[in-house]
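Notes follow once the structure below has been shown.
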Amino acid sequence: MKTNKIMDEIRNTISPEMKLQMELSVAIANRIYDILEEKGMSQKDFARLMGKTETEVSRWLSGTHNLTMATICKISAALNADVVKVADHEKEPAYA
């Protein structure tokens, strides 16, 4: 995979917690994209459904926007799909 040297340098300077936050933000954005694709919806359709501007939805889907739990729940309800699934708490945590 081709990488960007500047972005690699930035990634090497951030804390493990921040790296995890970035990874989760991108994973959530990718999950929303997958749901939209499954439903045959465009970003414009999604913005209309959410009552938001395309610009705001574009920020959400960039993977860099810090979505609140409330917004994630609204998205899940609007799309009638789980955007985030919480791991079974009886299993070992991945980062213990």
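A quick note: this is a predicted structure, and the numbers were derived from the prediction, not measured.
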Common cluster, Tyr33/Met50, ILVMFWY with side-chain heavy-atom separation under 4.5 Å: yes
Quick check for you: to the nearest 0.5 Å, what is the distance between Asn66 atom CG and Leu24 atom CG? 10.5 Å
State, with a plain yes or no, whether a side-chain heavy atom of Met22 is found less than 4.5 Å away from one of Thr64. no
Hey, does Leu79 have a side-chain heavy atom less than 4.5 Å from the side chain of Leu49? yes
Is the count of non-hydrogen atoms from other residues, nucleotides or ligands lying under 6.0 Å from Glu38 atom CD greater than 12? yes
In Å and rounded to the nearest 0.5 Å, what is the CD to CD1 distance from Glu23 to Ile28? 12.0 Å
Any donor-acceptor N or O pair under 3.5 Å, side chains Thr71, Thr68: yes
So does Asp45 pair up with Arg48, basic N to acidic O under 4.0 Å? yes
Which distance, rounded to the nearest 0.5 Å, do you find between the CD of Gln21 and the OG of Ser15? 8.5 Å
Are Gln43 and Ser58 side-chain neighbours, meaning at least one heavy-atom pair lies under 4.5 Å? yes
So, for Ile35 and Asp82, which heavy atoms are closest and what is the spacing to 0.1 Å? CD1-O, 3.8 Å
Are Val84 and Val57 connected, step by step, through hydrophobic side chains (Ile, Leu, Val, Met, Phe, Trp, Tyr) whose heavy atoms are closer than 4.5 Å? yes
Just how far is it from atom OG1 of Thr13 to atom NZ of Lys19, taken to the nearest 0.5 Å? 8.5 Å
Nearest heavy atoms of Gly63 and Ser25, plus distance in Å: O-CB, 3.2 Å
Start with the C-alpha distance between Leu67 and Val83, add both sets of side-chain angles, then the distance that settles side-chain contact (heavy atoms from CB on, under 4.5 Å), and finish with yes or no. CA-CA 12 Å; Leu67 293 169; Val83 172; over 6 Å; no
Check whether more than 12 heavy atoms from other residues, nucleotides or ligands sit under 6.0 Å from atom CG of Asn12, and answer yes or no. yes
Are the side chains of Lys52 and Phe46 in contact, using a 4.5 Å heavy-atom criterion? no
Hey, what do you get for CD1 (Ile75) to CG (Asn80), rounding to the nearest 0.5 Å? 14.0 Å
Looking just at side-chain N and O atoms, do Thr55 and Thr53 make a donor-acceptor pair shorter than 3.5 Å? no
